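Worth knowing before you read on, the calculation uses all heavy atoms, side chains too, and leaves out hydrogens, waters and symmetry mates. First the proteins, then the strands, lettered A, B, ... as listed; each starts at 1. These numbers were taken from a predicted model, which means no experiment stands behind them.
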Amino acid sequence: MATIKEKEQQIISEFENFDDWMDKYNYLIEMGKSIPQIDESQKVESNLISGCQSRVWLTAYMDDGKLYFKGDSDAVITKGIANLLIRVLSGQSPDDIINADLDFIDKIGLREHLSPTRSNGLVSMIKQMKFYAMAFKAKKAKQQ
Amino acid sequence: MYQTTNTGYNLEKIRKDFPILQQEVNGSPLVYFDNAATTQKPLQVINAITDYYHRENSNVHRGVHRLSVMATESFENVRQKIAQHINARYSHEIVFTRGTTESINLVASTWGKKNVKKGDQIIISAIEHHSNIVPWQMLCEEVGARLRIIPVDDAGEMDLEAYRDLFNEKTRLVAVNHISNTLGTINPVKEIVEIAHDNDIPVLIDGAQGLPHGSVDVQDLHCEFYCFSGHKVYGPTGIGGLYGKEKFLEEMPPYQGGGEMIKSVTFEKTDYNDIPYKFEAGTPNVAGVIGFGAALDYINNLGLENIKKHEDELMHYATTELEKMDGITIIGKARNKASVISLLIGDIHPYDAGTIIDHFGVAVRTGNHCTQPIMDHYGIPGTVRASFGLYNTKTEIETLLKAINKVKEMFG
Ligand SMILES: Cc1ncc(COP(=O)(O)O)c(C=O)c1O
């Protein structure tokens, strides 16, 4: 399994192929359509991360010491970016997730989507992913 | 490029007054269609503020020295100018605040706390800005009162028959907006006031969008309170006002405590100052007030009727063109509308649409526009909103239409 940094680098390379913003967004839109979607039954209040502009749902589960995420959003671009974040963080150890700085978003020119004024739910989604990692880590420590 | 049938309205010259409009965004000329959120400032306003700091800056109402006298005079002149602009009977009926939000909070926490008691009711409508919902909700929670809501139909118009039926012996106040920032509906505020007065109930009008779109006459409206923001009428941020009928302001307890709002202070007792100073504790935003005055001069020089005619023309053009396009739904189709268009592009999420439109250099607003209840009413997460101001052009609307076509192409 590739590390977080390696996966970030992969995405950066993919984005280097785009000539203009429109190609980039077309790719995000494709991604938004192909995200591992959460079951409708999981789109409940407790999995909802509310942005004022768009809504994001996130679920997480632990398997063999690694944390896995699934996500969805009502906005396609938000969903595309959520998918990128999930691609990078899903299947990693809680420690690595807690320490990830995720600066690839900046490098592929999508940083504006992580500005809090956008309030699209993505900033809170990252926070929530790290919370999950901390919670699973604490639970594991207790079990040992 | 700047065609308009409004003779005497020199759009090209007007646009030169606004330095911010000369820039590019994402490689395209900026098209600013977020005027309902805030308007851009002409040089006349920017210069008035700079000049004030260059030449007059000093505290008002406090000194006999030359500068203080000059600053106080300019400051009080603007109060008078605002009073004239909205046709208030007296200039002491104008209280300076930070803006509409603070004006509403002022009334809620002074007049409201004195007059609204447990079990009482306050009437608002289903198309209010959060600024005209939350202060009343907070008051209700504190004293044990409750809100009653005037329903709005699908066109975005208030149901006045239902409104009439909301009155009872528990009603204490009606608080409604003049023009909706989300749908553009120009509400029949005069009639709303008449109905309230038939029931002996005072009315507060949220005029944040009223002042920028036509003339306001508070004596003709007969409302008890009218709230407004300078930044929505081409003035600076952080300054606005509250008009209150003399009798009401006099009976209201003060808002905040501090300097300026008192006549004499001992540790035993404080005598409050006269209106409007009673509500203006602390050093006011003098530069903001001066800038606000310059903004009113600016729009009055252009002529309120001319501005309105120009905005109506833009609005009519945009609406007609949008209606020709497939898959566009305009949200809010009131018969009487100001230059605000809320729309949906197919079932494309407003956030997605706004992101693409931004890349064309067009600033539109997406989301619920701080009016979540009306979005819930329509069962939508938000809209794309274009709101036009005195400097916008038909060419700019064409850019928006192009951007919308691109959105349809990319998400379709
Ligand atoms: C209808 C309406 N009411 C109130 C407000 C609040 O105005 P301000 O933020 O200037 O206090 C706004 C501005 O967004 C508005 O459009």
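- Within 6.0 Å of the CD atom in B:Q23, the count of heavy atoms belonging to other residues, nucleotides or ligands exceeds 12.
- Contacts with chain B (heavy atom to heavy atom, under 4.5 Å) involve these residues of residues 19-28 of chain A, listed by number: A:W21, A:M22, A:Y25, A:N26.
- The environment of B:K408 atom NZ is dense: over 12 non-hydrogen atoms of other residues, nucleotides or ligands sit within 6.0 angstrom.
- Shown here is A:K5, whose NZ atom has more than 12 heavy atoms of other residues, nucleotides or ligands within 6.0 Å.
- Contact annotation for B:I356: both backbone and side-chain heavy atoms come within less than 4.5 Å of a heavy atom of chain A.
- Tested against B:M410, the residues A:I77, A:V76, A:I29 include a single side chain to side chain contact (heavy atoms under 4.5 Å, CB included) partner, A:I29.
- Side-chain atoms of B:D352 never come within 3.5 Å of backbone atoms of A:A75 as a donor-acceptor pair (strictly under, hydrogens ignored).
- Residue-environment remark: CE (B:M138) stays at or below the threshold of 12 foreign heavy atoms within 6.0 Å.
- The 12-atom threshold is exceeded at CG of A:D101, counting heavy atoms of other residues, nucleotides or ligands nearer than 6.0 Å.
- B:E24 CD: more than 12 foreign heavy atoms inside a 6.0 Å radius.
- The NE2 atom of B:H349 sits 7.0 Å away from the OG1 atom of A:T78 when rounded to the nearest 0.5 Å.
- Of the inter-residue distances, the one linking A:R55 atom CZ with B:Y351 atom OH reads 15.5 Å to the nearest 0.5 angstrom.
- For the atom pair CG of B:D347 and CG of A:D74, the computed distance is 11.5 Å after rounding to the nearest 0.5 Å.
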